[in-house]
Amino acid sequence: MTVVESLTPRHGLRVLITAGANGIGLAIAKAFQEAGARVHVCDIDTQALASLPEGISHTVADVSKEEDVDRLFQDVVSLGGLDVVVNNAGIAGPTAGIDEIDNDAWTRTIDINLNGQYRVAHRATPLLKESQGLLINLASVAGRLGFAYRTPYAASKWAVVGLTKSLAIELGPEGVRVNAILPGIVRGPRIEKVIEDRAVKRGLSYAEMEQENLSKISMRRMVEPSDIASMALFLSAPGGSNVSGQALSVCANVESL
Ligand code: NAD
């Protein structure tokens with residue numbers, strides 16, 4: 001196999017992606033399908049699930065619910081195993097000072113962003129041990145930088161990096177790799193809402209807030225969902241087979257938040 005050949009994942013990989021009906025998860029799902037993988041996704045957005053590209057199977061499942069994750073893994077049996085699991089589900093959580101945050105909003109952020117990844121990793125690990133597979137956890141640049149007024153989000157994403165590094169050590173001897181991808185500001189509706197909320201909080205216009213965000217990125221630009229999908233494919237390809245335990249930023253170098 002040449003180096004260039006080693007950059008393409010093996011045909012027929014069995015891939016599970018949580019929250020795969022929109023945004024980054026959907027971009028990853030489409031990329032794996034294009035690479036010849038058998039892809040299963042879960043999501044809570046039934047409408048978006050119904051319009052997934054043909055060939056991508058799905059389960060309506062909320063990663064914050066034990067019974068939904070159980071049902072997801074019952075459905076996944078039809079793939080006959082799992083080679084790659086992408087823990088992608090995550091919410092932005094509230095934008096508020098620590099003394100103003102609503103308790104339920106804090107708990108919900110941790111329950112989806114961190115506990116959701118645990119629930120999926122807990123069930124996926126026996127399958128990944130069997131295939132000597134790969135777990136990819138979506139963190140964020142907010143998992144390597146402090147993020148004022150977004151403490152539940154940042155705390156959950158730093159925790160995802162801790163989960164990733166610990167699991168890589170725990171599962172490496174059994175041939176399972178675990179990595180985190182840390183996206184920067186990814187173009188799309190989610191980030192528009194984040195900028196909007198932060199602008200209100202700071203008393204700025206949307207354009208001023210966006211400009212301030214871009215000024216903290218070395219490349220002065222957002223990244224695309226496809227940039228995150230490219231990293232997921234690289235990690236899944238033979239060329240990525242010695243990358244484990246890493247927190248990989250794909251962010252055009254976000255310097256601060
Ligand atoms: P998004 O807000 O576009 O949502 C993606 C999907 O998540 C939606 O289809 C939604 O229905 C689903 N979802 C929400 N809650 C769910 C739950 N409890 N169970 C199952 N599905 C659920 O998200 P995105 O921007 O594509 O982000 C994907 C991941 O990347 C998240 O973990 C996010 O924290 C991370 N991330 C995103 C950005 C960004 O700029 N968009 C930056 C850094 C990290």
Side-chain angles (χ1 to χ4, degrees), residues 7 17-35 41 43 45 48 52-53 86-96 109 112-113 117 136-161 164 179-236 240 243 246-257:
L7 296 176
I17 302 160
T18 65
N22 292 294
I24 294 170
L26 179 59
I28 296 174
K30 285 179 173 171
F32 271 110
Q33 188 183 42
E34 198 183 329
V41 306
D43 207 289
D45 184 341
L52 281 171
V86 184
N87 246 332
N88 169 67
I91 59 167
T95 300
T109 310
I112 294 173
N113 295 10
Q117 292 206 0
I136 299 174
N137 295 329
L138 266 289
S140 164
V141 289
R144 68 173 171 79
L145 297 167
F147 200 2
Y149 302 106
R150 291 285 302 284
T151 49
Y153 184 73
S156 71
K157 293 303 189 179
W158 279 78
V160 163
V161 173
T164 302
N179 288 290
I181 301 179
L182 282 55
I185 302 184
V186 180
R187 200 186 301 281
R190 174 200 179 105
I191 220 64
E192 283 164 17
K193 167 92 173 69
V194 168
I195 294 173
E196 211 172 278
D197 287 355
R198 211 165 156 75
V200 171
K201 186 83 212 154
R202 297 271 313 280
L204 300 173
S205 72
Y206 183 93
E208 285 168 334
M209 194 66 238
E210 185 179 37
Q211 229 16 70
E212 191 184 304
N213 280 348
L214 292 179
S215 73
K216 295 172 180 170
I217 304 173
S218 307
M219 307 300 298
R220 303 284 188 267
R221 61 181 181 232
M222 297 185 189
V223 299
E224 302 295 330
S226 60
D227 295 323
I228 313 306
S230 300
M231 178 59 86
L233 284 198
F234 167 69
L235 290 171
S236 309
V243 181
Q246 302 306 305
L248 301 157
S249 287
V250 179
C251 66
N253 198 35
V254 176
E255 300 159 16
S256 61
L257 286 168

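Taking both residues in full, the closest heavy atoms of Phe32 and Ala232 are given as CZ-O, 3.9 Å, listed atom of the first, atom of the second, then distance. Here the closest non-hydrogen pair linking Cys251 and Val141 is CB-CG1, 3.5 Å. The two atoms that bring Leu52 and Gly20 nearest to each other are CD2-O, 3.8 Å, heavy atoms only. What you find for Val194 and Ala92 is that their closest heavy atoms are CG2-CB, 4.1 Å. For the pair Asp45 and Ala48, the tightest heavy-atom approach, listed with the atom from each and the gap, is OD1-N, 3.0 Å. Taking each heavy atom of Thr95 and Arg150 in turn, the nearest pair found is OG1-CD, 3.3 Å.
The line from CZ of Arg144 to CG of Leu257 is 8.0 Å long, rounded to the nearest 0.5 Å. In this structure, the separation between CD1 on Ile24 and CZ on Arg187 is 13.0 Å, given to the nearest 0.5 Å. Taken to the nearest 0.5 Å, the CG atom of Asn213 stands 9.5 Å off from the OG atom of Ser256. Within the model, atoms CG of Asn87 and CD1 of Ile136 stand 10.0 Å from one another, a figure rounded to the nearest 0.5 Å. Here the CD1-CD distance, from Ile195 to Gln211, works out to 10.0 Å after rounding to the nearest 0.5 Å. Between the CD1 atom of Ile191 and the CZ atom of Arg198 there is a distance of 10.5 Å, given to the nearest 0.5 Å.
Remark: side-chain polar atoms of Lys157 are paired, donor with acceptor, to backbone N or O of Leu138 under 3.5 angstrom. Under a 3.5 Å cut-off, the side chain of Trp158 and the backbone N or O of Leu145 do form a donor-acceptor pair. Within the 3.5 Å criterion, the main-chain N or O of Ala180 finds no donor-acceptor partner in the side chain of Asn137. In terms of modelled atom types and a separation under 3.5 Å, the side chain of Asn179 and the main chain of Val243 share a donor-acceptor contact. Formation of a donor-acceptor pair under 3.5 Å by the Asp43 side chain with backbone atoms of Ala21 is found in this model. Judged by distance alone, with hydrogens and angles left aside, the side-chain atoms of Ser156 form no donor-acceptor pair with the main-chain N or O of Thr109 at under 3.5 Å.
Between Asp197 and Lys193, at least one side-chain N (NZ, or NE/NH1/NH2) sits under 4.0 Å from a carboxylate O, which counts as a salt bridge.
Using a 4.5 Å cut-off on side-chain heavy atoms (C-beta onward), Lys30 and Leu26 make contact. Using a 4.5 Å heavy-atom cutoff, the side chains of Val161 and Leu182 are in contact. Side-chain contact between Arg202 and Glu208 is absent, with no heavy atoms from C-beta onward closer than 4.5 Å.
No more than 12 heavy atoms of other residues, nucleotides or ligands shown are found within 6.0 angstrom of CZ on Arg221. Residue Lys216 places its NZ atom among more than 12 non-hydrogen atoms of other residues, nucleotides or ligands, all under 6.0 Å distant. Within 6.0 Å of atom CD in Glu34, 12 or fewer heavy atoms from other residues, nucleotides or ligands are found, so the atom counts as exposed in its surroundings. More than 12 heavy-atom neighbours from other residues, nucleotides or ligands sit within 6.0 angstrom of CD on Glu192.
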